[in-house]
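Worth saying up front: this structure is predicted, and the values here are computed from it rather than measured. Chain letters run A, B, ... following the sequence lines, proteins first and then strands; every chain starts at 1. No hydrogens, no waters, no symmetry mates; every other heavy atom, side chains included, goes into these values.
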Number of protein chains: 2
Amino acid sequence: MTTSEENYLKVIYHLSQVSPKGVNTNAIAGMLETKASSVTDMLKKLSDKDLVSYQKYQGVTLTENGFLSAKMIVRKHRLWEVFLVDKLQFSWDEVHEIAEELEHIQSIALIDKLDAFLGHPDFDPHGDPIPNRQGEIKKTSKLLLSEAELNQEYHCVGVKDSSSEFLKYLDKQKIALGSVFKVIEKESFDDTLTVEINAQEKIISNKIANNLYVQ
Amino acid sequence: MTTSEENYLKVIYHLSQVSPKGVNTNAIAGMLETKASSVTDMLKKLSDKDLVSYQKYQGVTLTENGFLSAKMIVRKHRLWEVFLVDKLQFSWDEVHEIAEELEHIQSIALIDKLDAFLGHPDFDPHGDPIPNRQGEIKKTSKLLLSEAELNQEYHCVGVKDSSSEFLKYLDKQKIALGSVFKVIEKESFDDTLTVEINAQEKIISNKIANNLYVQ
DNA sequence: AGATATTTTTAGTTTTGTCTAAATTTAAAT
DNA sequence: ATTTAAATTTAGACAAAACTAAAAATATCT
């Protein structure tokens, strides 16, 4: 499989989580910063290889094959992110782009050994689950901070938006995976939250609260 | 720089060590398992980018730029090999192909951090020197086992042939980097050596002795 | 339902890196 | 010094992955 094909598969995989009954050509083009016509070309190719099932004008879904392949790419991406953060001391906002390259390295033995070296992690540095070598994903019942109940203790288990910008903001606010949250008050006017984070009171906007997963 | 361009540069770099006054088109084609006509095309492109100096029919040499770029690719290759052997427990005969892919990952920060993580190694698992980030290479005065003097103690510092086949043979013979050698006898008829290796006497063919570096 | 807008596909080009086959240059050999 | 052989380059073609512009299908709106 080429790097380009892998990138398409991965994007279709991610978009499928939001629109499971068919991913739009334009949506794929948007994610890959390419043109719709290029996407159509590639969908035909992926369809010929039985990685997606595609009917003109009707959007695209992953086949069994494509689904597994996509999860293997995600597995590689997230394992490399763990390596970069845990072993090479990168911060969590720096690793995405490098992992985008590393995820296309082919060797299966490499990934198995990397997995073992890292201690078979279940989650990447942003709290996203790492599929195992069979493609199985550990499900957790996380919820958004904006949906949290008042005066209950939660801890941060992930971020929804993992853009460098957002992650740097969290660093500045000393919010990390594992941070302890308790929502003290919810301002009904603008949904701003008053939250006790690691025993410090902070005001959290709705936008932030909508991008933090807690448990 | 594309992966293909990098592969050409690297091959020209290696071939330059043997023919410093100009590398042949055919030699490059042989190393890359491609056709001479493809090489000619690429040499023009590399020449336009001032990475090689190239005159029709006269062979090719690296420019200052090309020389440095090539050394950076070699640096990446060899650092990844150290990682694979030291951290992921690959054996020295398994790492070349994987490193061929990893050497094309772009990030400079990644290589700097990897270098630090590995403890700034000077040599890769086959005893080849790792250029530092300035492209400087630590020179050592190694010699081939076939050139070693009788009854002098040496230790193994590298291999000339790093094919999987040869490396596996060395593993079987329990010869590794650091092994202690003393040539007991040299058979003048076929240049076979009797060598004491790690306090064990062994017969070493001329072909083997011509591919082992000692010091 | 019909008109308009949006999305998607087709058709035809471009670029990169490769190839084959033919032409040219250099090297070797009688 | 020719002739022959080997190495190299040119010319033209192809596949992959992208693009533009135009055509076709679907969705939306009054």
Check your understanding: Could you go step by step and tell me if A/K10 and A/E100 meet the salt bridge (Lys or Arg N to Asp or Glu O under 4.0 Å) rule?
Key -> CA-CA 11 Å; A/K10 193 182 47 164; A/E100 288 282 295; 2.8 Å; yes

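Between the C1' atom of C/dT16 and the NZ atom of B/K49 lies a distance of 11 Å, rounded to the nearest Å. Rounded to an integer number of Å, the gap from A/D48 CG to D/dA16 P is 11 Å. As a whole-Å value, the separation of A/M42 CE from D/dC19 P is 11 Å. Note: CD1 (A/I28) to C1' (C/dT8) measures 12 Å, nearest angstrom. Rounded to whole Å, atom C1' of D/dA24 lies 14 Å from atom CD of A/Q58.
A close approach under 4.0 Å does occur between a side-chain nitrogen or oxygen of B/N24 and OP1 or OP2 of D/dT8. Contact check, B/S4 against C/dT16: no side-chain N or O comes under 4.0 Å of OP1 or OP2. Residue B/N26 places at least one side-chain N or O under 4.0 Å from the OP1 or OP2 atom of D/dT8. Put simply, B/Y8 has a side-chain N or O that comes within less than 4.0 Å of OP1 or OP2 on C/dT18.
Residues B/H104 and A/E101 have side chains that never bring a donor and an acceptor to within less than 3.5 angstrom of each other.
Panel note: side chain A/K76, backbone A/I105; a donor-acceptor pair is recorded below 3.5 Å. Side-chain N or O atoms of A/S19 include none that pairs as donor or acceptor with a backbone N or O of A/S16 at under 3.5 Å.
The aromatic ring centres of A/Y154 and A/Y213 sit 6.0 Å or more apart. Taking the six-membered ring wherever Trp is involved, the centroid distance between the rings of B/H96 and B/H77 falls below 6.0 Å.
Each of A/T2 and A/Y57 lies near DNA chain D, and the nucleotide nearest A/T2 is the one positioned closer to the 5' end.
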Residues 25-39 of chain B side chain polar contacts: donor-acceptor under 3.5 Å, at least two apart:
none

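The side chain of A/K35 lies closest to D/dT20, out of D/dT8, C/dT18, D/dT20.
Counting non-hydrogen atoms under 4.0 angstrom, B/S38 reaches a base of the nucleic acid.
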What's touching nucleotides 10-15 of chain D from the protein side, N or O pairs under 3.5 Å?
residue, atom, partner, partner atom, Å
D/dT10, OP1, B/K56, NZ, 2.7
D/dT10, OP2, B/K44, NZ, 2.6

